[in-house]
Amino acid sequence: VQLQASGGGLMQAGGSLRLSCAFSGITFSRYATGWFRQSPGKERKFVAGISRTSNKYYTDSVEGRFSISRDNAKKTVSLQMNSLKPEDTAIYYCAAKSTIMTIPSDSLRQRTFYEFWGQGTQVTVSS
């Protein structure tokens, strides 16, 4: 199983970036996926998640600015990040977990829920 994250970079505050995560070695349509981020010295935290049925969940700080989507045919999950702020600076990780069709939304928010992780991509937002 491989998760390959890409799309990070340096952006000024107010700008946009789009992260992508490509999956291989799994039947992607059977997996819930999520994005987490981690800043130096801090724990990895939930950013956004999307279920098998494309229900979407966000942490409060990105609601309305970030949008998660999935493409089952291409086996990819994307995170469109708009109106970026310096506090969005972090390493962003994609993650996946095989699930039944319907799962509690709280599950997707938990780091321990996921079984596979990508390598991370750095996002830096300058003020």
So, for [X] and [Y], which heavy atoms are closest and what is the spacing to 0.1 Å?
X: Y114; Y: A32; answer: CE2-O, 4.2 Å
X: R37; Y: S61; answer: NH2-OG, 3.4 Å
X: I68; Y: T33; answer: CD1-O, 4.4 Å

*Say you draw a straight line from CG of L79 to SG of C94; how long is it, rounded to the nearest 0.5 Å?*
10.5 Å

Identify every side-chain donor-acceptor pair in residues 41-52 under 3.5 Å, counting partners at least two apart or on other chains, and give the distances.
unit_1, atom_1, unit_2, atom_2, d
R44, NE, Q38, OE1, 3.3
R44, NH2, Q38, OE1, 3.4
S51, OG, T53, N, 3.3
S51, OG, T53, OG1, 3.0
S51, OG, S54, N, 3.4
S51, OG, N55, N, 3.0
R52, NE, S29, O, 3.1
R52, NH1, T99, O, 2.7

*Residues that R65 engages under salt bridge (Lys or Arg N to Asp or Glu O under 4.0 Å), provided they are two or more places apart*: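 Checked R65 against salt bridge (Lys or Arg N to Asp or Glu O under 4.0 Å); matches are D88.
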
*Run the numbers on R70 and N72 for side-chain contact (heavy atoms from CB on, under 4.5 Å), then give the verdict.*
CA-CA 6 Å; R70 64 186 294 156; N72 287 348; 2.9 Å; yes

*Sequence neighbours left out, what passes side-chain hydrogen bond (donor to acceptor under 3.5 Å, both in side chains) with S69? Give chain and number order.*
none

_For Y93, give me all partners under side-chain hydrogen bond (donor to acceptor under 3.5 Å, both in side chains), at least two apart in sequence or on another chain._
none

*May I ask you to test the Y31-K75 pair for a side-chain heavy-atom distance under 4.5 Å?*
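No, their side chains stay 4.5 Å or more apart.
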
*V1 reachable from F113 in the ILVMFWY side-chain graph, under 4.5 Å edges*: no

*Do F116 and I91 belong together in a cluster built from hydrophobic side chains that touch within less than 4.5 Å?*
no

*Any donor and acceptor pair, going by atom type alone, linking the side chain of T89 with main-chain N or O of V125 inside 3.5 Å?*
yes

*Give every residue pair that meets the ring-ring contact (aromatic ring centres under 6.0 Å, His included) criterion with at least one member in residues 49-81, sequence neighbours excluded.*
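The answer is none; no pair qualifies.
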
Donor-acceptor contacts under 3.5 Å from residues 2-26 side chains, at least two apart:
unit_1, atom_1, unit_2, atom_2, d
S16, OG, N82, OD1, 2.9
R18, NH1, Q80, OE1, 3.1

